[in-house]
Each structure stands twice: as C-alpha cells, then as structure tokens.
Amino acid sequence: MKKFYVLLAICTLIGACNPHGSLQEPTNKYHTLVLNKSYDDDALRYRENISIKVKGDTFVTYEYKDVRIDELAPLAIKYCENSAQGTDARLREIVLYHNNARRATFDCVNLAM
C-alpha cells in the first residue's frame, strides 16, 4: 500500500497524470484558424472558393478549393445552359494546380448526342 501512495505522490509532483500535460498537441495559430473556419451558408463558401479561370462558348474552367466536384457541377450546368441552348456540362478533366487548388474543365455538349 505504501508503494501506491509513493507512486501517487510522485505522479502528482511531476504532473505526469495531468490529462493535458505532455499529451497536449502544440497550439499553432494557423492550425487553429484553419480547423475552425466555418461558413454560414454554401453561397458564401462558393463565392470565396470558386472562380472562373477560362470560359468559352463550348467549355468553362473553374478553379476551386474547399469544394467538392459534385458541388461544382451544377454551376457548370447552369453556365452551359446560359451560353449555348440545348447543351449540358460534361466533365473533361480535373488538374491539381498551385497551392492545392484544383481546376476542372467542363465541356458544353449537345443533349441530342
């Protein structure tokens, strides 16, 4: 029983039993900001993370980050409907670009094909 109390005293004195002691992840200001970044709605997130880089009558290229490709597809469909009547957007390619941004190119194809 004496060994238990001695061990408890040593543990208390050196602080090894502190659940936030040596196991605590170092705090990093940038890391905290990135993990806690949240958006009030999807529209704000889209405005901040999606931009049109190249556009034409038969294609559009978006640069995006923090957005999934299935969230980007409706924008491409809308673009193709507005630029050329009777066309639909088809994904041509996705390319990893600078700073982990991605570029997705959609072709506007005729629905009758």
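Screening residues 73-107 for disulfide (SG to SG under 2.5 Å), with sequence neighbours left out, gives C80-C108. Applying the side-chain hydrogen bond (donor to acceptor under 3.5 Å, both in side chains) test to residues at least two apart or on different chains, none of the pairs has a partner in residues 75-86. For residues 82-99, the salt bridge (charged side-chain N to carboxylate O under 4.0 Å, His left out) pairs, not counting sequence neighbours, are D88-R90, R92-D107.
L72 is linked by a side-chain contact (heavy atoms from CB on, under 4.5 Å) to I50, Y62, Y64, I69, L75, A104, F106, counting only residues two or more places apart in sequence or in another chain. By the side-chain contact (heavy atoms from CB on, under 4.5 Å) test, Y97 pairs with E63, R103, sequence neighbours left out. When the side-chain contact (heavy atoms from CB on, under 4.5 Å) test is applied to V54, the partners found at least two apart in sequence or on another chain are F59, T61.
Under the 3.5 Å distance criterion, the side-chain polar atoms of E48 are left unmatched by any main-chain donor or acceptor of R45.
Side-chain contact between V67 and N49: present, with at least one pair of heavy atoms (C-beta onward) separated by less than 4.5 Å.
Atoms OG1 and CD1, from T87 and I77 in turn, are 10.5 Å apart once rounded to the nearest 0.5 Å.
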